[in-house]
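A quick write-up on the structure given underneath.
Labels below follow one simple rule: chain letters A, B, ... track the order of the sequence lines, proteins then strands, and each chain is numbered from 1.
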Number of protein chains: 2
Amino acid sequence: MEPLSSLEELTQALRCLPSVGPKAAQRMALHLLQHDRDGAQRLALALEAATRTIRHCQRCNTFTEDELCTLCRSAKRDATLLCVVETPADLMMVEHTQAYAGLYFVLMGRLSPLDGIGPREIRLDRLLKRAQDGVVREVVLATNFTNEGEATAHYIAELLAARKLKVTRLARGVPVGGELEYVDSGTLAQAMRERRLLAN
Amino acid sequence: MEPLSSLEELTQALRCLPSVGPKAAQRMALHLLQHDRDGAQRLALALEAATRTIRHCQRCNTFTEDELCTLCRSAKRDATLLCVVETPADLMMVEHTQAYAGLYFVLMGRLSPLDGIGPREIRLDRLLKRAQDGVVREVVLATNFTNEGEATAHYIAELLAARKLKVTRLARGVPVGGELEYVDSGTLAQAMRERRLLAN
């Protein structure tokens with residue numbers, strides 16, 4: 001077999017990006033060569049640097065270039081609160097709300113028995129150790145509201161409850177600005193069951 | 001201002017890819033770090049190699065790593081036919097049909113006066129020189145059927161006609177497998193005007 005040309009190799013290599021098929025990869029490769037070679041070189045350096053320097057925070061498991069991430073090192077965060085999320089992207093979403101001032105633990109996944117991902121694969125032992133540091137008072141479960149995220153939250157809740165820790169879960173319900181007509185009925189049913197008392 | 005972290009720099013650098021916004025760039029960066037560091041390293045090398053080695057074919061202007069591209073070097077192609085396309089992606093599409101055995105000229109663009117792209121910017125002088133090599137008998141214009149592609153085809157057709165060269169254009173009409181009900185009326189009108197004689 002002939003070795004791949006540089007263009008074919010670049011097109012193939014671009015397929016490592018999520019949701020980039022053969023057609024999109026080809027379009028990207030040609031775009032870079034024709035219009036943005038500087039951008040391509042910058043991207044090559046950034047990929048090399050990121051894969052070389054980025055590792056997991058020893059404390060919260062998110063991505064960082066240091067032993068501990070910026071959040072875990074910060075003295076301004078409330079160390080009695082620990083928010084459990086599935087991924088660093090979820091952590092960034094929660095941070096973006098500016099509604100939370102505690103610390104995080106990033107699972108880097110979720111329980112998914114069908115894919116062979118159990119408590120050991122997402123290192124729940126590390127979460128248990130982290131939550132029992134004597135400072136954490138409340139663990140906020142912020143895994144996704146998918147089947148797998150919910151199962152993960154339930155599983156963690158039982159583990160932590162057995163260790164006498166306060167465990168909470170993000171509220172479910174109608175989205176802010178949402179119109180009942182367009183909310184799916186599962187969400188609406190849940191919002192009805194978990195309705196809040198306003199006056200009595 | 002603080003320098004960008006490796007993760008931020010990678011996210012920024014991914015924005016050089018076409019139709020990748022801040023959200024998609026972040027998703028790509030996190031995906032690579034979490035699931036495919038080998039792929040990221042391969043991509044870094046491929047980008048570096050491609051930007052270093054890929055240049056334009058001296059004869060047809062497409063991308064190649066050599067002085068002349070594989071097609072221009074091939075003895076099997078019909079050198080009396082020259083097909084003019086806008087981009088290397090278009091060249092690949094025409095090759096893919098296996099309905100054409102001649103050579104190509106890649107404009108690497110199209111006339112677009114509003115964007116300041118005139119005959120000089122797409123180097124039409126090189127096309128004229130190429131088409132007048134004494135071997136080319138017919139120039140097939142395969143620019144896009146957009147306004148700019150059509151204008152480019154017309155402009156080139158006049159230049160070449162003045163030099164006594166045979167010039168043709170890809171046929172327009174109803175797509176193969178197309179149903180009249182779903183064809184846009186402009187295409188249908190064109191197909192009517194350019195109807196072919198089947199029997200007389």
Side-chain angles (χ1 to χ4, degrees), chain A residues 2 4-20 23-56 62-66 69-70 86-93 106 108-109, chain B residues 2 4-20 23-56 62-66 69-70 86-93 106 108-109:
Chain A
E2 241 188 309
L4 291 182
S5 73
S6 294
L7 179 57
E8 287 163 341
E9 167 61 18
L10 176 56
T11 306
Q12 282 288 323
L14 282 162
R15 302 281 305 277
C16 71
L17 298 171
S19 40
V20 170
K23 200 88 188 176
Q26 191 196 8
R27 199 166 55 85
M28 287 176 167
L30 292 172
H31 169 88
L32 291 178
L33 288 168
Q34 196 170 348
H35 300 295
D36 198 2
R37 292 192 178 218
D38 289 348
Q41 273 162 354
R42 179 184 173 190
L43 178 54
L45 293 175
L47 285 162
E48 193 280 314
T51 50
R52 183 167 39 77
T53 62
I54 296 179
R55 46 189 175 151
H56 294 279
T62 196
F63 290 130
T64 176
E65 289 161 63
D66 307 297
C69 71
T70 331
E86 294 183 17
T87 66
D90 296 339
L91 183 158
M92 291 178 200
M93 286 303 290
V106 181
M108 289 285 173
Chain B
E2 242 187 308
L4 291 181
S5 74
S6 293
L7 178 57
E8 288 163 340
E9 167 60 18
L10 176 57
T11 306
Q12 282 288 323
L14 282 162
R15 300 283 304 277
C16 72
L17 298 171
S19 39
V20 170
K23 200 89 187 177
Q26 189 196 315
R27 198 165 55 86
M28 287 175 166
L30 293 172
H31 170 87
L32 291 178
L33 288 168
Q34 197 170 347
H35 301 294
D36 198 2
R37 291 192 179 219
D38 289 348
Q41 272 160 354
R42 178 183 173 193
L43 178 54
L45 292 177
L47 285 162
E48 194 280 314
T51 49
R52 185 167 38 77
T53 64
I54 296 179
R55 46 189 175 149
H56 293 280
T62 196
F63 290 129
T64 177
E65 290 163 61
D66 306 297
C69 72
T70 330
E86 293 183 16
T87 66
D90 296 340
L91 184 158
M92 292 178 199
M93 286 303 290
V106 181
M108 290 286 173

Evaluate the side-chain proximity of B/Pro18 to A/Arg27: yes if any heavy-atom separation is below 4.5 Å, no if none is.
yes
Mind ranking A/Leu14, A/Asp36, A/Asp38, A/Leu17 by heavy-atom pairs under 4.5 Å with chain B and telling me who comes out on top?
A/Leu17
Greatest number of heavy atom pairs closer than 4.5 Å to chain A - which of B/Gly39, B/Ala44, B/Gly109
B/Ala44
With chain B as the partner, which of A/Leu32, A/Val20, A/Thr64, A/Thr11 has the greatest number of non-hydrogen pairs under 4.5 Å?
A/Leu32
Tell me, side chain or backbone of A/Ser5 under 4.5 Å from chain B's heavy atoms, or both, or neither?
both
Hey, does the side chain of A/Gln41 reach the backbone of B/Thr51 with a donor-acceptor pair shorter than 3.5 angstrom?
no
Between CZ on residue A/Arg37 and SG on residue B/Cys16, distance to nearest 0.5 Å:
13.0 Å
List for me each residue that meets side chain to side chain donor-acceptor pair (under 3.5 Å) alongside B/Thr70, sequence neighbours excluded, and say none if there are none.
none
Side chain to side chain contact (heavy atoms under 4.5 Å, CB included) involving A/Met92 - partner list, sequence neighbours excluded
B/Leu7, B/Gln26, B/Leu30
If one checks every heavy atom of A/Glu65 against chain B at 4.5 Å, the contacting part turns out to be side chain
dist B/Glu48:CD -> A/Leu43:CG (nearest 0.5 Å) comes out at 12.5 Å
So B/Ser6 and A/Arg52, do their side chains get closer than 4.5 Å, heavy atoms only?
no
With side chain to side chain contact (heavy atoms under 4.5 Å, CB included) as the test, pick out the partner of B/Leu47 among A/Leu33, A/Leu45, A/Leu47.
A/Leu47
